[in-house]
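Structure, as C-alpha cells:
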Amino acid sequence: MSSFAFRRVKTLLATALLAALPMSGQAESFADVKPSPQQVAWQDLEFGVIVHFGTNTFLDREWGDGTASPSVFNPDKVDPDQWARAVKAAGVQYMVLVAKHHDGFALWPTGQTDYSVKASPWMGGKGDLVRMASEAAKKNGLGFGVYLSPWDRHDPRYKDSAAYDKYYLSEMEELVQNYGPLTEWWLDGAGSAGHVYDFAKYIETLRTYQPNTMVFADVALFDYGDIRWVGNEQGVVQGENWNVIDRHGQLRWRPLEVDTPLHKLHWFYSSKPDFATSLKSVKELMDNWESSVGKGGQLMLGIAPDRHGLLPEADVKRLAEFGKALKARYGDAANLAAKHATADDNVAAALDNDASTFWSAPTGSACATLEVDLGRNVTFDHAMSMERLDDGQNVRAYAVQVWDGQGWKTVAQAQAIGHMKIDRFAPVTARKVRLNILSSVGTARIREFKLFDVGD
C-alpha cells in the first residue's frame, strides 16, 4: 500500500470513528459546552418542592413494597391549593408531584392499571390528584412537574422489560398530554439496578409532547438528563460547582439539583413522634438554601402532606417563617450595593437588582474587575455574584476585594461563580469594593453583584 493510500485509509477510519461518537462528546473543552435556553430558564427558578403523598403516608413508610391495598388511601381534606400557597410563601417557584412512587400506586386514574386512586375510596374512586395539584400550581403562579418512578414494585409487567416499557410509556403519555406544560420530569433510578429500560424512547416520547421540560436524572443516565443529582440528600453542594460535567470523556451541561426533605430523613408523612421533631428550623433551611442556591445549584425541598391531605400547620408556619427570613436576608431591599455612587451603564447593570441586565468584561479578556463606589462607608459580611450563563460558565477564578485606604484587600476568593455564588466573611467596612475576575475563559458577564450585612 502506498503512503498516500495508507494516509487516506487512516483519515477515513478517523472520520468514521468521530462520526460514531455522540455529538456532545465532540466538545473540545468545558468552555465549549453551553446550556440550552430551557436549562437557563430552569436555573433561574432556583427553588422548587417535591410532594410525596400516597399509600406510604397512611402506613408510616418511606418505601412501599407494592402490596398496600388501594383502600388505605382515603384522605378526607385534600387541598393542593394549601400546599401551593404554603410553598409560595417560602419563595418556591415550582412544585413537582410524585405521581407514582416505587410502590407503583398511581395518583391519577390511569387507564394502564387498576392500582391507582380509581380503586381507592377517596372521592368514590373519581379523584385525580395530578389534576388537582397541577391546577393549584397554576392558580398560585407556580410551575408544575411530575415524578413517575421507573421502578415499580407492584406491576407484574416489571419483570418483562419490553412489556414494562410499553406500560411506562403509556402512563407517561397520559401525564405529558393531559396536565399542561411541565417544568420538570423526574427519572429517579432508585432500586433499578440490573433492570433494562428503554430510556431513549422515554425521552423521545417526553420531548414529543413536552419539548421544554427539564429531565432530572442521575449521572448514570447521562445521555437522557438535563439536570443531575448532587449526590446527597443533605441539601449541600460539595466543593466548587461546575455546570459542565465529564462522564467518560463526554462533556455536557448538567446543572445540579439539590434535594432534601423539610423533615430530616422523612420524605413521606409519618404519624410517629419523630416526624414532628424532625422539622427543620429556619436556620437549617437557610443553611440548605445557602449551600445549594447560594452555590449555584437548585434547591428541591421535600414536603409531605398528612393523612388528611394537608400540610401540617407546623410545616406551613415554618415555610412562611423561612420565606420571611430569606427575603429579609437576601431580598432586593437588603442589597447594600443597590445604593451606590454614580456609575457607568456597564457597572450599573450589575447593581440594579435586575437579573436581565449584566456587566460585561472587555470582549475576549481573561481577567477584569467590576469596581463599585458605594458613595459612603458600608459594613457588610456577605457578597452575592451571579454569572450570565447563556454563553457558558466562563469565570475560573475570582476574588471579592475591598479598598482599605491603601490597597485592595481580599475578603473572599474561589473559582466557580455560576448561576449564583454567595461568599461570607468577617464584617468589613468600606466605601469601595470590587469583584476581581482573576481568570476567565471567554468574556465574563455578571448579572448581579450584591452586598449584604447579615450579621451572623
Side-chain angles (χ1 to χ4, degrees), residues 47-64 68 70-90 92 94-109 116-117 120-123 126-140 142-149 175 179 184 186 188 233 259-280 285 299-323:
F47 189 9
V49 293
I50 186 164
V51 185
H52 284 74
F53 185 51
T55 57
N56 290 351
T57 305
F58 297 85
L59 299 171
D60 291 334
R61 295 176 177 174
E62 285 294 308
W63 285 38
S71 64
V72 304
F73 186 80
N74 193 22
D76 58 351
K77 297 178 182 178
V78 174
D79 188 1
D81 189 61
Q82 184 233 19
W83 313 345
R85 293 194 310 270
V87 301
K88 187 171 184 179
V92 164
Y94 64 104
M95 180 169 70
V96 173
L97 176 69
V98 178
K100 185 188 80 169
H101 203 244
H102 311 318
D103 61 356
F105 184 76
L107 294 182
W108 79 103
S116 75
V117 288
S120 77
W122 176 57
M123 296 185 70
K126 303 297 182 182
D128 185 343
L129 196 59
V130 176
R131 186 164 307 283
M132 293 173 68
S134 64
E135 290 176 351
K138 182 178 180 180
K139 176 182 175 182
N140 288 278
L142 302 175
F144 180 68
V146 168
Y147 172 128
L148 183 67
S149 172
L175 292 169
Y179 297 95
E184 184 171 328
W186 257 60
D188 187 343
E233 294 184 348
D259 59 325
T260 192
L262 177 61
H263 285 260
K264 292 186 287 288
L265 303 178
H266 288 281
W267 291 100
F268 283 92
Y269 170 83
S270 174
S271 64
K272 296 178 181 178
D274 70 320
F275 180 79
T277 58
S278 69
L279 179 61
K280 290 182 178 178
L285 290 171
L299 177 59
M300 176 63 86
L301 186 67
I303 62 170
D306 62 19
R307 294 177 181 179
H308 295 292
L310 299 171
L311 284 182
E313 282 303 313
D315 295 23
V316 173
K317 181 181 178 182
R318 185 57 43 81
L319 289 166
E321 291 170 344
F322 172 62

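Residue numbers run from 1 in the order of the sequence given. Not measured: the values here are computed from a predicted model.
A heavy-atom distance below 4.5 Å is not found between the side chains of P70 and T55. Between V146 and W108 there is no side-chain heavy-atom pair separated by less than 4.5 Å. At a threshold of 4.5 Å between non-hydrogen side-chain atoms, the residues V72 and T57 do not count as touching. The side-chain heavy atoms of D274 and H266, taken from C-beta on, include a pair separated by under 4.5 Å. At least one side-chain heavy atom of R318 sits under 4.5 Å from a side-chain heavy atom of L285. Two residues are said to be in side-chain contact when any heavy atoms from C-beta on lie closer than 4.5 Å; L142 and V49 fail this criterion. Contact of the V130 side chain with the L175 side chain is registered, since non-hydrogen atoms from C-beta on lie closer than 4.5 Å. Annotation: side chain of V51 is not in contact with side chain of V96 (no heavy-atom distance under 4.5 Å).
Remark: aromatic rings of F144 and Y179 are distant, center separation not under 6.0 Å. For F275 and F268, the distance between ring centers is not under 6.0 angstrom. In this structure, the ring of Y269 has its center no less than 6.0 angstrom from the ring center of H263.
Here S116 contributes atom OG and F73 contributes atom CZ; the two are 10.5 Å apart, rounded to the nearest 0.5 Å. To the nearest 0.5 Å, atom CG of residue L310 and atom CG of residue D81 are 11.0 Å apart. Atom CG of residue D128 and atom OG of residue S134 lie 7.5 Å apart, to the nearest 0.5 angstrom. With values rounded to the nearest 0.5 angstrom, L97 atom CG is found 5.5 Å from L129 atom CG. Note that CG of L319 and CG of L262 are 5.5 Å apart. Values are rounded to the nearest 0.5 Å. Distance CZ/R85 to CG/D79: 5.5 Å, rounded to 0.5 Å.
No side-chain donor-acceptor contact under 3.5 Å links S71 to the backbone of S120. In terms of modelled atom types and a separation under 3.5 Å, the side chain of W83 and the main chain of G309 share a donor-acceptor contact. With hydrogens and angles disregarded, a donor-acceptor distance shorter than 3.5 Å links the side chain of K88 to the backbone of N140. K280 contributes a side-chain N or O that, together with a main-chain N or O of P261, makes up a donor-acceptor pair within less than 3.5 Å.
Of all heavy-atom pairs between A86 and L311, the closest is CB-CD1, 3.9 Å. Taking all atoms of both residues into account, the shortest heavy-atom contact from A304 to P312 is O-CD, 3.8 Å. In this structure, I50 and M300 approach most closely via the heavy-atom pair N-SD, 3.4 Å. Heavy-atom minimum distance, A89 versus A320: CB-CA, 4.3 Å.
For D60, the salt bridge (charged side-chain N to carboxylate O under 4.0 Å, His left out) partners are R307, not counting sequence neighbours.
Residue H101 forms a side chain to side chain contact (heavy atoms under 4.5 Å, CB included) with just one option from D188, L107, N56, and that option is N56.
More than 12 non-hydrogen atoms from other residues, nucleotides or ligands lie less than 6.0 angstrom from NZ of K264.
Between F53 and F58, the angle of the ring planes lies from 30° to 60°, which puts this pair in the tilted group.
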